[in-house]
There are 2 protein chains.
Amino acid sequence: MAQGPTINTIAERAGVSIASVSRVLNGLPTRQETVRKVMAAADELGYVRNAVARSLKSRRTHQVAFAMADVGNPAYLAMLREIQPVLKAAGYRLVLHSTDAVAADEIEVLHSLGERYVDGLIMSPLRVTEAHLETLSAARAPVVIIGSVPEGTRVDNVRADSRTGVKLAIDHLYGLGRRRIGMINGPLDTVPGASRGAAYREALEELGLPYDEDLVQIGDFYRAEGGRAVAALLERVPDVDALMCANDLIALGALDVLRAAGRRVPEDVAVVGMDDTDLAAASWPSLTSVSLGSAERGKAAAELLLDRLQNGDREPRLVTVPPRLSVRASTAGEQAARTARNVPPGADAGRDAAGKGDGA
Amino acid sequence: MAQGPTINTIAERAGVSIASVSRVLNGLPTRQETVRKVMAAADELGYVRNAVARSLKSRRTHQVAFAMADVGNPAYLAMLREIQPVLKAAGYRLVLHSTDAVAADEIEVLHSLGERYVDGLIMSPLRVTEAHLETLSAARAPVVIIGSVPEGTRVDNVRADSRTGVKLAIDHLYGLGRRRIGMINGPLDTVPGASRGAAYREALEELGLPYDEDLVQIGDFYRAEGGRAVAALLERVPDVDALMCANDLIALGALDVLRAAGRRVPEDVAVVGMDDTDLAAASWPSLTSVSLGSAERGKAAAELLLDRLQNGDREPRLVTVPPRLSVRASTAGEQAARTARNVPPGADAGRDAAGKGDGA
DNA sequence: AAAAACTCTGTAAACGTTTACGGCGTTTGG
DNA sequence: CCAAACGCCGTAAACGTTTACAGAGTTTTT
């Protein structure tokens, strides 16, 4: 592979020094004649700046890393989708790390900041351990954490508010007249499982509804098990009239099982999901879902990082993104949902260019 | 920010030369005593290799770029999901480019290979223009193209086979006794639109069915417009008994409209989508869909690139990924679909850790 | 015992930029 | 007409590595 031209090649051909070439290429004040010669030579040679050499000297890579648990996870994708354009607009490239939700991998990513291949990092750790905090405090580049971090940790931080999110949903159901509101949750030893469970209890209490253990069923965060959990709950509490599901997949499982059991949604049982993924709009009936603002969190994180990159020593900031309730047919009925959103029938689609890019 | 330690710092502390330090760090043969001293110094200082300086010297960045049209597109995501682990296992980082399906951006990415910030590129262009080919032939790093490329282009290439994919679907519908099979397509001036339209026609001909223009309706690739197209088709050809949709979103729109029109799916009208996205499994009835193997294409592309990086001058290769039909309820009925997949009710969920990573 | 071979290490150059510094030639001011 | 000021430009050092080469010291061979 032919060695590409360098500023040396250009300098030779233009009959000037490499310093002049560099100055011209960087737009520093230079005599017109010199500019012309250098530009001509550069054009003829098809010169492109070597980013690596540039980074070595300038100590800036113009790259930022984003470490997510799982590339397939819609919540992280929503973040990615917002992070990408923000960084791109600011002239940064995006390096993607998938940590498979393994703490050791996350710590390895933090540690690898020492290699200085990126200027900063946005990370959304599954859960923050002592080891995370230690490595974090020694990190050799600015980091923004998406997710909760112990009080007093000196790091830029973006959080969701799932507590308020759950409350929004419960209040919504209450407002629709539901009084026997069940909860289908994931394992309580996960961060979201624990906080969503607690939030459910609190929301009921604030409304003056009794907390009834029979109304809570634990499974995992997937569709099949979610369905089974709902089946178990229906058996135990036949008069349940609403289901708060800890994520959208569980809610889809709920729809499966309710349909099989001959219960109408939302007339007999209203269903609410969480995360407001694409799936919520695709299902039938479409799913009311609590959005925890993944997209907004991604955007906020990117902006925090950019700000920090320009202004290294300001105080760490905390941004909390408010949740939002996307009301759809599974609680409000098709008619009501449509009115709320003010869209014509069938216009619920998100964007999708699927199939555009395939090789036919 | 404190300047991190370099091999110079280590050399000083260990009382050896930087060459020795480098040798030790790279595992080149060295006296035990020296190894010990260097390792000790490196540990004490918390030394981490500077990837940029390393790249400059070695002319290898251990980074690979993936350029996709749109981060939000499930088809590209499926690719990304497979590409990531393959590269990671081989010790490469992934740089993500989103080109917004703008040809100029794609060309810019190709051009920027000259900056040498990556060792290679996987690109899935919306459509390959003359300008693409020109820039491609002058690219300063190996490229793998996902998608079709003119005969004779010297580049590693991975393709889907949407022709066979459409045929699979049409044959399936024919096998179910359907004879009035409509097609809802996107614009014919897009690559997938054109090829899927042609494939539909051919598949009918091979089965001895007449090609009836009335059975074809063009819209775009989104849900709302897809629904409208279906409505128009129903009006014109009330006795249509199956719909071949050019992607899953169109198919979702079809389900919306058929439901509103009181037609049962699949009893009255069978529906097939394309791309086999997550949405297909989430909808109700779940959607039979043609998978064009996005995941497999991504994997193949990553492997081709890695191979090329190790073996620069072999002949370009072409890999064609066969399509697959995922039969679900929208053609076969719930019962049949379940039998075909041999899964219990409600176990249709894909993976999803949504909600795991959020800050609660 | 001298030469040859071998092992280990240090010096220095190179990768492709950016940039501080000083020199030279021209303009300006007194 | 000389000095000061200024505008351009070239030389060289630096960023943090890797690595060719040669020198020093040790071991083997003849």
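The chains referred to below are lettered A, B, ... by the order of the sequence lines, with proteins before strands, and numbering in each begins at 1. Computed from heavy atoms alone, side chains included, the values below leave out hydrogens, waters and symmetry copies.
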Visitor: So, using side-chain contact (heavy atoms from CB on, under 4.5 Å) as the criterion, who are the partners of A/Leu318 when residues are at least two apart?
Guide: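 A/Leu318 satisfies side-chain contact (heavy atoms from CB on, under 4.5 Å) with A/Asn157, A/Arg159, A/Thr320 only.
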Visitor: With heavy atoms under 4.0 Å as the rule, sort B/Val16 into base, sugar-phosphate or nothing.
Guide: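 Sugar-phosphate: the residue B/Val16, judged by heavy atoms under 4.0 Å, touches backbone atoms but no base.
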Visitor: Going by the rule side-chain contact (heavy atoms from CB on, under 4.5 Å), which residues pair with B/Glu151 if we only count those two or more places apart in sequence or in a different chain?
Guide: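 Residues passing side-chain contact (heavy atoms from CB on, under 4.5 Å) with B/Glu151: none at all.
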Visitor: Are B/Thr99 and B/Val109 close enough, and set up right, to give a side-chain contact (heavy atoms from CB on, under 4.5 Å), and what steps lead you there?
Guide: CA-CA 8 Å; B/Thr99 59; B/Val109 169; 4.3 Å; yes
Visitor: Applying ring-ring contact (aromatic ring centres under 6.0 Å, His included), which residue pairs with at least one partner in residues 86-135 of chain A are found, sequence neighbours left out?
Guide: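 Sorted result for residues 86-135 of chain A: A/His62-A/Tyr92.
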Visitor: Identify every side-chain donor-acceptor pair in residues 16-26 of chain B under 3.5 Å, counting partners at least two apart or on other chains, and give the distances.
Guide:
{"residue": "B/Ser17", "atom": "OG", "partner": "B/Ala19", "partner atom": "N", "Å": "3.4"}
{"residue": "B/Ser17", "atom": "OG", "partner": "B/Ser20", "partner atom": "N", "Å": "3.3"}
{"residue": "B/Ser22", "atom": "OG", "partner": "B/Asn26", "partner atom": "ND2", "Å": "3.3"}
{"residue": "B/Asn26", "atom": "OD1", "partner": "B/Arg49", "partner atom": "NH2", "Å": "3.2"}
{"residue": "B/Asn26", "atom": "OD1", "partner": "B/Arg54", "partner atom": "NH2", "Å": "3.0"}
{"residue": "B/Asn26", "atom": "ND2", "partner": "B/Ser22", "partner atom": "O", "Å": "3.0"}

Visitor: Does A/Thr34 make a side-chain N or O approach to OP1 or OP2 of D/dC9 shorter than 4.0 Å?
Guide: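 Looking at the OP1 and OP2 atoms of D/dC9, one of them is under 4.0 Å from a side-chain N or O of A/Thr34.
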Visitor: Respond yes when some side-chain nitrogen or oxygen of A/Arg31 is under 4.0 Å from OP1 or OP2 of D/dC9, and no when none is.
Guide: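 Checking A/Arg31 against D/dC9: at least one side-chain N or O falls below 4.0 Å of OP1 or OP2.
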Visitor: Test of understanding: with side-chain contact (heavy atoms from CB on, under 4.5 Å), list the residues that count as partners of A/Ala131, not counting sequence neighbours.
Guide: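 In terms of side-chain contact (heavy atoms from CB on, under 4.5 Å), with neighbours along the sequence ignored, A/Ala131 is linked to A/Ile107, A/Thr129.
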Visitor: Round to the nearest Å and state the distance from B/Glu33 atom CD to C/dT9 atom C1'.
Guide: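 One finds 14 Å between C1' of C/dT9 and CD of B/Glu33, rounded.
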Visitor: Let me check the geometry of the helix from C/dA1-D/dT30 to C/dG30-D/dC1. What is the bend angle between the axes at its two ends, five pairs each, to 10°?
Guide: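 Here the helix ends are tilted 50° relative to one another.
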Visitor: The criterion is salt bridge (Lys or Arg N to Asp or Glu O under 4.0 Å); which residues satisfy it with A/Lys299, sequence neighbours excluded?
Guide: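 Here the qualifying residues are A/Glu303.
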Visitor: How would you list all residue pairs meeting ring-ring contact (aromatic ring centres under 6.0 Å, His included) that involve residues 5-35 of chain B, not counting sequence neighbours?
Guide: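 Checked against ring-ring contact (aromatic ring centres under 6.0 Å, His included) - neighbours excluded - no pair reaches residues 5-35 of chain B.
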Visitor: Walk along nucleotides 16-28 of chain D from 5' to 3' and tag each nucleotide B, S or - by protein heavy-atom contact under 4.0 Å, base first, then sugar-phosphate.
Guide: BBBB---------
Visitor: At under 4.0 Å between heavy atoms, what does B/Thr30 touch on the DNA or RNA strands: base, sugar-phosphate, or nothing?
Guide: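 B/Thr30: backbone/sugar contact only, no base atoms under 4.0 Å.
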